[in-house]
Amino acid sequence: DFYNVRKVDTHIHHSSMMHQKHLLRFIKKKMRTDKDVPVLVRDGVLLTLQEVFDSLQMTAYQLSLDTLDVHADRSLFHRFDKFNLKYNPFGQSRLR
């Protein structure tokens with residue numbers, strides 16, 4: 001029956017998919033297991049995860065919730081424009 005069909009929202013933002021502690025664990029695990037995997041293209045050059053963190057002058061041991069800095073508050077609810085402005089892991093918009 002067409003009138004009883006429920007809508008499923010599949011519009012998912014990858015940036016809001018994990019809370020900050022889960023994201024931090026994921027990054028630390030990837031730094032241990034896959035640091036030599038290419039993850040970013042900057043100025044036509046392919047960078048590995050280790051090279052990205054070298055350019056940020058950070059090591060896996062320096063990572064914390066404070067340095068990650070991706071917490072959200074009520075002002076971001078239903079406002080993806082504000083969310084995208086605020087979501088900058090390690091203060092770097094290029095890491096979104």
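- At a threshold of 4.5 Å between non-hydrogen side-chain atoms, the residues Pro38 and Glu51 do not count as touching.
- Pairs engaging residues 21-33 under the salt bridge (charged side-chain N to carboxylate O under 4.0 Å, His left out) rule: Lys30-Asp34 [sequence neighbours left out].
- Side-chain contact between Lys35 and Thr48 is absent, with no heavy-atom pair separated by less than 4.5 Å.
- What you find for Val39 and Val52 is that their closest heavy atoms are CG2-CG2, 3.9 Å.
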Less than 3.5 Å apart, which donor and acceptor atoms pair up between the side chains of residues 56-65 and the rest of the protein, not counting sequence neighbours?
from: Thr59; atom 1: OG1; to: Tyr61; atom 2: N; distance (Å): 3.4
from: Gln62; atom 1: OE1; to: Thr59; atom 2: N; distance (Å): 2.8
from: Ser64; atom 1: OG; to: Asp66; atom 2: N; distance (Å): 3.3
from: Ser64; atom 1: OG; to: Thr67; atom 2: N; distance (Å): 3.3
from: Ser64; atom 1: OG; to: Thr67; atom 2: OG1; distance (Å): 3.4

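- The hydrophobic cluster analysis finds Val37 isolated: no Ile, Leu, Val, Met, Phe, Trp or Tyr side chain comes under 4.5 Å of it, directly or through other members.
- Annotation: side chain of Phe53 is not in contact with side chain of Leu47 (no heavy-atom distance under 4.5 Å).
- Considering only heavy atoms from C-beta on, Ile27 comes within 4.5 Å of Leu23 through its side chain.
- Transitive grouping of hydrophobic side chains (ILVMFWY, heavy atoms separated by less than 4.5 Å) brings Val45 and Leu40 into a common cluster.
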